[in-house]
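This report concerns only the one structure given below.
Order of the sequence lines fixes the chain letters, A, B, ..., with proteins taken first and strands second; residue numbering starts at 1 for each chain. No hydrogens, no waters, no symmetry mates; every other heavy atom, side chains included, goes into these values.
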Protein chains: 2
Amino acid sequence: MPDQQQLTDKQRLTLGFIQRYIAAHTVPPKLQEIAEGIGISSRGVAHRYVQALVDAGFIKTDSGKHRGIRLLNVNTHNNESILPLLGKIAAGKPIEAIPGEDQIDLRDFFGDNNFAVRVQGDSMIEAGIMDGDTAIIRFCETANDGDIVVALIDETETTLKKFKRSHRGRYIKLIPANKDMEEMVYEASRVRIQGILIGQIRKY
Amino acid sequence: MPDQQQLTDKQRLTLGFIQRYIAAHTVPPKLQEIAEGIGISSRGVAHRYVQALVDAGFIKTDSGKHRGIRLLNVNTHNNESILPLLGKIAAGKPIEAIPGEDQIDLRDFFGDNNFAVRVQGDSMIEAGIMDGDTAIIRFCETANDGDIVVALIDETETTLKKFKRSHRGRYIKLIPANKDMEEMVYEASRVRIQGILIGQIRKY
DNA sequence: TAAGGCGAGAACATTTTGAGAACAACATGC
DNA sequence: GCATGTTGTTCTCAAAATGTTCTCGCCTTA
C-alpha cells in the first residue's frame, strides 16, 4: 500500500490538488493547470510530479491522452479522528454543502468509557443495525425509555435492544427492531443495563 | 523496547515534538522545524538530537531524504482511532470474546483520500444505510461490480447506489437497496464514479 | 579541573525543486 | 485525409532547500 509519507512536499501538494480538482470539476486537470495550481510555471515539472505519483501507486495515466490522470483506489490514512464532511448526498444535484457543518468529529467514540461490540443477528435490522456491524457502547447502568441498550438478563444472556420501562418501572420491555420478533418483558430486577448505544460503524 | 528514562531532557522534548508533529501533520518534520519546535535555531543541533533518538532506538531515518524521520513501534496509546472490541453481542451469553480480534481500528476511515457525506433519503435502507447516516467515501474513479458508489449522472445528479456493469460495460446499472425503488440503467458515458463507500457511521 | 550537555553556525553533500527547450502524441477544424 | 494548435513527454541545466558533519564556545556539576 502506498504511503503518503514517502512523498515529497510538492508531490503531496500535487496529489492534493488533483483530488480537489477532480472533486470540483469532475474531470482531471491538465499539466498546465496542475503547474499553476501548485504555484509553478513549468509543465515539465508538473509532469515529473505526476510521474512520481504514478510510480508511488496513487494515480495512473492514460499515456499521452489529454487529461489522462486517474485516481487509484488507494487507502492512505493518518491518526486523526476528524473527517471532512462534504455535504449531503441524495437523488439530487451534485453534492450539496451543508451550511455550518464541514466536518464530522468522531472523538466522541473514543472515550475511556466506551467500547465496541460486534453485532450478531438481525434483531435490530429495522433500526439499520445489521449482522456484522460494530456498535459503539458507553458503559452506563441506567437508561431512558427509547435508548438502545446492551442488557444483561438473568446475569446470563446479553442482548442489544430498545429499552422501555412499564408498570411504573416494575417491568422492563426489551424491544427488537424486527417485525418477525417479539418484544420481551422482564421484571426489572432481572435486567441489568451494561451500556447505551451511542454509535454504529460499518466497514465495507 | 527503548527506555525514555535514558534520554536527556532535550532528547525527550525532541521525541515528543516529533510525535506531536506527525500526529498533527501526518508527515514527519524537517530539522529546521524540529529546531524551532524545541526552541533552538540550529539545524545541526536538531540533527544531533535526532541522531541520539536513532541510536536509542526510538526512530529511524531515511538517510539524506527530506522529512526522512520514521517513528519506530512507539508503544503508546496515542492512537486514538482504535477502540477495544469486546466481543459479539446477540441473544446469547454475556458478551463473548472474539478470538484473535480485540480491537477495531478506524484509521482506514481517516485517509486524505477520504471524505464523508451525510446520507439523505431511504434508497439504501435495506443495506442498512439510513437517512441521516454518514457515509465514508474514498475518492476513486473506478469501481467493481457490487461496490456501493457515489455516482454522478449526466454531470448533474449525484447518488449513492450499488454499482453493476451490464452489456460488457456499455451500460451501468445503479441499484437501490429499497424494494419500493427501481434500478436505473445508463450508458456508461453518462455515469461518472466519484468515490466508493468504504464505511458508514451513525451517531445516536 | 575534567566531563558532559547544550547551542550556534560554517562547510559540504545530497535531495528536491524550478525553468524551459525540444520533440512526440493527441485533438480539432477544415 | 491534412494542417494546426494543444497537451504530454523527455531532457538538460541550475538554484534552493535540507541533511550531515564539524568546530567553537558556554554552562553546570561532580
Side-chain angles (χ1 to χ4, degrees), chain A residues 2-19 21-22 25-72, chain B residues 2-19 21-22 24-72 141 155 189:
Chain A
D3 179 358
Q4 278 214 348
Q5 293 195 1
Q6 293 173 1
L7 301 179
T8 68
D9 289 355
K10 280 293 189 177
Q11 288 164 4
R12 238 183 335 268
L13 185 61
T14 303
L15 178 59
F17 173 80
I18 293 170
Q19 291 169 339
Y21 188 100
I22 292 178
H25 298 76
T26 73
V27 295
K30 55 183 106 161
L31 289 177
Q32 182 73 54
E33 293 168 332
I34 293 174
E36 289 165 8
I38 63 174
I40 61 176
S41 67
S42 162
R43 271 181 305 159
V45 175
H47 180 268
R48 188 201 292 151
Y49 293 137
V50 167
Q51 196 54 49
L53 293 173
V54 171
D55 295 342
F58 288 98
I59 60 178
K60 72 184 173 78
T61 55
D62 274 351
S63 195
K65 292 278 170 57
H66 295 184
R67 296 185 189 276
I69 292 173
R70 292 291 119 91
L71 292 177
L72 293 180
Chain B
D3 180 2
Q4 284 213 357
Q5 303 301 322
Q6 295 171 359
L7 301 178
T8 68
D9 287 354
K10 279 293 188 177
Q11 287 164 2
R12 230 181 340 265
L13 184 60
T14 303
L15 178 59
F17 173 80
I18 293 170
Q19 290 169 338
Y21 188 100
I22 292 178
H25 299 80
T26 74
V27 296
K30 53 185 100 162
L31 289 178
Q32 181 75 55
E33 293 168 334
I34 293 174
E36 289 166 9
I38 63 174
I40 61 176
S41 68
S42 162
R43 275 180 305 163
V45 175
H47 181 266
R48 189 197 293 155
Y49 293 136
V50 167
Q51 197 54 50
L53 293 172
V54 170
D55 295 341
F58 288 99
I59 61 178
K60 70 184 174 78
T61 57
D62 269 353
S63 196
K65 295 278 173 59
H66 295 186
R67 298 187 190 277
I69 292 173
R70 295 292 121 92
L71 290 177
L72 294 180
E141 298 198 308
E155 310 292 334
S189 61

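Checking the phosphate oxygens (OP1, OP2) of D/dT20, a side-chain nitrogen or oxygen of B/Ser63 falls inside 4.0 Å. Within the structure, a side-chain polar atom (N or O) of B/Ser41 is placed less than 4.0 Å from OP1 or OP2 of C/dA8. Taking 4.0 angstrom as the limit, A/Tyr49 places none of its side-chain polar atoms (N or O) nearer than this to OP1 or OP2 of C/dT16. OP1 or OP2 of D/dG19 has not a single side-chain nitrogen or oxygen of B/Thr61 nearer than 4.0 Å.
Note: A/Arg12 CZ to A/Phe58 CZ = 9.5 Å, rounded to the nearest 0.5 Å. Rounded to the nearest 0.5 angstrom, B/Leu31 CG and B/His66 NE2 are separated by 10.0 Å. Interatomic distance, A/Arg48 CZ to A/Gln11 CD, rounded to the nearest 0.5 Å: 9.5 Å. Within the model, atoms CD1 of A/Ile38 and CG of A/Leu15 stand 11.5 Å from one another, a figure rounded to the nearest 0.5 Å. Distance check: A/Glu33 CD to A/Arg67 CZ gives 4.5 Å after rounding to the nearest 0.5 Å.
Ranking D/dT9, D/dT20, C/dT15 by closeness to the B/Leu31 side chain, first place goes to D/dT20. The listed nucleotides are C/dA8, C/dG18, D/dG8; the one nearest the side chain of A/His47 is D/dG8. Of the candidates D/dG19, D/dT7, C/dT17, D/dG19 carries the atom nearest the B/Lys30 side chain, counting heavy atoms from C-beta on. Of the listed nucleotides (C/dA27, D/dT9, C/dT17), C/dA27 has the atom at the smallest distance from the side chain of A/Lys65.
Each of A/Val45 and B/Val50 lies near DNA chain D, and the nucleotide nearest A/Val45 is the one positioned closer to the 5' end. Residue A/Gln11 is the one, among A/Arg43 and A/Gln11, whose nearest nucleotide of DNA chain C lies closer to the 5' end (criterion: closest heavy atom). Along DNA chain D, the nucleotide nearest A/His66 and the nucleotide nearest A/Gln51 are compared for position; the residue whose nucleotide lies closer to the 5' end is A/His66.
Atom-to-atom, CD of B/Gln32 to C1' of D/dA16 comes out at 14 Å; the value is rounded to the nearest Å. Across the protein-nucleic acid pair, A/Ile38 atom CD1 and C/dG18 atom C1' stand 10 Å apart, rounded to whole Å. A/Ile34 has its CD1 atom 8 Å from the P atom of D/dG8, to the nearest Å. Atom P of nucleotide C/dG5 and atom CG of B/Leu7 are separated by 12 Å, given to the nearest angstrom. Whole-Å rounding puts the A/Arg67 CZ to D/dT7 P distance at 8 Å. Nucleotide D/dG19 holds its P atom 15 Å from the CG atom of B/Leu53, rounded to whole Å. The distance between atom CG of A/Asp9 and atom P of C/dG18, rounded to the nearest whole Å, is 10 Å. One interatomic measurement links the two molecules: CD of B/Glu36 to C1' of D/dT18, which rounds to 13 Å at whole-angstrom precision.
Across all strands, A/Gly44 comes closer than 4.0 Å to base atoms (heavy-atom distances).
For C/dG18, the base has a donor-acceptor partner in the side chain of A/Arg48 [N/O atoms by modelled type, under 3.5 angstrom]. Side-chain N/O atoms of A/Ser42 and base N/O atoms of C/dG18 include no donor-acceptor pair closer than 3.5 Å.
Between B/Ile69 and B/Pro28, the shortest heavy-atom contact is O-CG, 3.1 Å.
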